[in-house]
Amino acid sequence: MFYDLYLNTGINFSIIYDTVDREDMINGILLEFELIGWCVLLSMIIGLVGAALQKTRCKFAIDLYVEFFRNTPLIIQLFFFYFAVSPLLPMTLDEFGTMVPLIGGFTWAVIALSLNAGVYNIETFRSGIDSVSKELIDTGKSLGMKPWLIFYKITFPLAFRVSLPALTNNMILLIRGTTLAYVIAVPEILYVSNQIWTQQSNVPEMMVFLLTFYILLTSGFAYLMRKLEKKLSYV
């Protein structure tokens with residue numbers, strides 16, 4: 001049907017009727033989801049650990065990290081890791097016996113995107129932690145609870161609930177930012193789309209597909225997060 005549409009109108013959605021383009025796009029989408037999954041997970045861990053460390057002697061180091069990643073563009077951070085740091089690392093052999101960088105583009109994208117998003121999650125979790133009533137923490141102390149147990153049982157659950165709306169916004173920005181992995185040749189959905197429209201000359205169709213994909217992706221994620229927020233609500 002879509003091939004007939006192409007023949008009759010010139011509207012070329014080759015990712016539907018062309019086997020090679022369809023397979024490439026499926027692989028790109030799967031890699032996109034893998035990239036998002038790793039970045040969301042690691043940025044949340046970075047945010048939580050960083051917010052906790054801001055209450056310790058490590059505060060100065062955390063503040064330096066926050067300032068560095070908050071005050072430089074994400075695309076420059078990607079270039080820095082891929083083009084400046086990667087060449088300093090040892091090379092390794094791939095399955096074909098070719099010398100390749102120890103850390104590939106996908107891993108650098110995960111590192112850069114997670115560290116960048118982690119900065120904003122640190123600030124979000126810090127605000128959530130600060131909102132936890134001191135009386136509740138004092139109650140935990142009076143019950144003989146150790147500091148780590150107070151954090152795990154009292155501070156974190158309450159802080160997470162308070163932080164959830166801001167975390168949702170941070171994660172949506174992160175999901176949209178994963179398209180920048182394109183600039184270091186990570187074969188995610190935008191990179192694959194570029195290859196397809198270069199071969200098929202169907203830029204408008206691919207742009208419609210990309211726009212629709214990200215609208216559905218971010219809207220679906222926001223919907224799930226709202227459901228989680230409602231489930232964890234105090235009321």
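Owing to the predicted nature of the structure, the values given are computational and were not obtained by experimental measurement.
With a 4.5 Å cut-off on side-chain heavy atoms, Phe213 and Ile29 count as touching. Counting only heavy atoms from C-beta outward, the side chains of Pro187 and Asn27 never approach each other to under 4.5 Å. Between Trp38 and Leu113 the shortest side-chain heavy-atom distance does not fall below 4.5 Å. Looking only at side-chain heavy atoms (C-beta outward), Leu53 and Tyr65 stay at 4.5 Å or farther from each other. When side chains are defined from C-beta on, Thr139 does not count as touching Met145, because their heavy atoms never get closer than 4.5 Å.
Listed for the Arg22 side chain is a donor-acceptor partner under 3.5 Å among the backbone atoms of Ile16. Thr179 places a side-chain N or O within donor-acceptor distance of the main-chain N or O of Arg176, the cut-off being under 3.5 Å. Although no hydrogens or angles enter the test, the distance criterion places no donor-acceptor pair under 3.5 Å between the side chain of Asn12 and the main chain of Asn202. Under a 3.5 Å cut-off, the side chain of Thr178 and the backbone N or O of Ile36 do not form any donor-acceptor pair.
Under the 4.5 Å side-chain heavy-atom criterion for Ile, Leu, Val, Met, Phe, Trp and Tyr, Ile137 and Leu149 are members of the same hydrophobic cluster. One hydrophobic cluster, built from ILVMFWY side chains closer than 4.5 Å, cannot hold both Leu210 and Leu30; they sit in different ones. No single ILVMFWY cluster, assembled from side-chain heavy atoms under 4.5 Å apart, contains both Tyr223 and Leu217. A single hydrophobic cluster is seen to contain both Ile75 and Leu174, as judged by linkage of ILVMFWY side chains at heavy-atom distances under 4.5 Å, directly or through other members. Leu89 and Val186 end up in the same hydrophobic cluster when Ile, Leu, Val, Met, Phe, Trp and Tyr side chains are linked at under 4.5 Å.
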List the steps, then state whether side-chain contact (heavy atoms from CB on, under 4.5 Å) holds for Met25 with Ser193.
CA-CA 7 Å; Met25 181 53 67; Ser193 296; 3.3 Å; yes

Would Asp24 and Tyr191 count as a side chain to side chain donor-acceptor pair (under 3.5 Å) here? Give the steps.
CA-CA 10 Å; Asp24 288 344; Tyr191 185 89; over 6 Å; no

Test log, rule side chain to side chain donor-acceptor pair (under 3.5 Å), inputs Gln200 and Asp21:
CA-CA 10 Å; Gln200 300 284 355; Asp21 287 356; 3.0 Å; yes

Take Thr72 and Phe80 through the side-chain contact (heavy atoms from CB on, under 4.5 Å) test and state the conclusion after the steps.
CA-CA 11 Å; Thr72 53; Phe80 172 75; over 6 Å; no

Give the C-alpha distance, both sets of side-chain angles, the deciding distance and a yes or no for side-chain contact (heavy atoms from CB on, under 4.5 Å) between Leu173 and Tyr120.
CA-CA 10 Å; Leu173 290 174; Tyr120 301 97; over 6 Å; no

Run the side-chain contact (heavy atoms from CB on, under 4.5 Å) check on Leu31 and Val192 step by step: do they pass?
CA-CA 10 Å; Leu31 190 68; Val192 171; over 6 Å; no

Using ring-ring contact (aromatic ring centres under 6.0 Å, His included), reason through Trp108 and Tyr82 one step at a time and then give a plain yes or no.
CA-CA 6 Å; Trp108 281 126; Tyr82 191 70; 8.0 Å; no

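Judged as a side-chain contact (heavy atoms from CB on, under 4.5 Å), and not counting sequence neighbours, the contacts of Ile11 are Leu5, Thr9, Phe13, Glu205. Residues passing the salt bridge (charged side-chain N to carboxylate O under 4.0 Å, His left out) test with Arg70, sequence neighbours excluded: Glu67.
Atom CD of Glu23 has 12 or fewer heavy atoms from other residues, nucleotides or ligands within 6.0 Å. For OH of Tyr182, the number of neighbouring non-hydrogen atoms (other residues, nucleotides, ligands) closer than 6.0 Å is 12 at most. Atom OH of Tyr152 sits in a sparse spot, with 12 or fewer heavy atoms from other residues, nucleotides or ligands closer than 6.0 Å. The number of heavy-atom neighbours closer than 6.0 Å to CZ of Phe156, taken from other residues, nucleotides and ligands shown, is above 12.
Put simply, NZ on Lys230 and CG on Leu164 are 14.0 Å apart, with the number rounded to the nearest 0.5 Å. Separation of atoms CD1 (Ile129) and OG (Ser163) is listed at 7.5 Å; rounding is to 0.5 Å. One distance of note links CG of Leu136 with OG1 of Thr155; it measures 8.5 Å at 0.5 Å rounding. Here CG of Asn116 is found 10.0 Å from CG of Asn121. Values are rounded to the nearest 0.5 Å.
The two residues Leu190 and Glu188 have their closest heavy-atom pair at N-OE1, 3.1 Å. In terms of heavy atoms, Leu78 sits closest to Ala112 at CD2-CB, 3.6 Å. For Phe69 against Val119, the heavy-atom pair with the smallest separation is CB-CG2, 3.3 Å. In terms of heavy atoms, Ser14 sits closest to Ile196 at OG-CG2, 3.6 Å. Residues Met171 and Ser43 share a closest heavy-atom pair of CE-OG, 3.6 Å. Nearest heavy atoms, Leu48 versus Phe125: N-CD1, 3.5 Å.
Using a cutoff of 4.0 Å between basic side-chain nitrogens and carboxylate oxygens, Asp130 and Arg126 are scored as salt-bridged. Classification of Arg226 and Glu229 as a salt-bridged pair fails, no side-chain N sitting under 4.0 Å from a carboxylate O.
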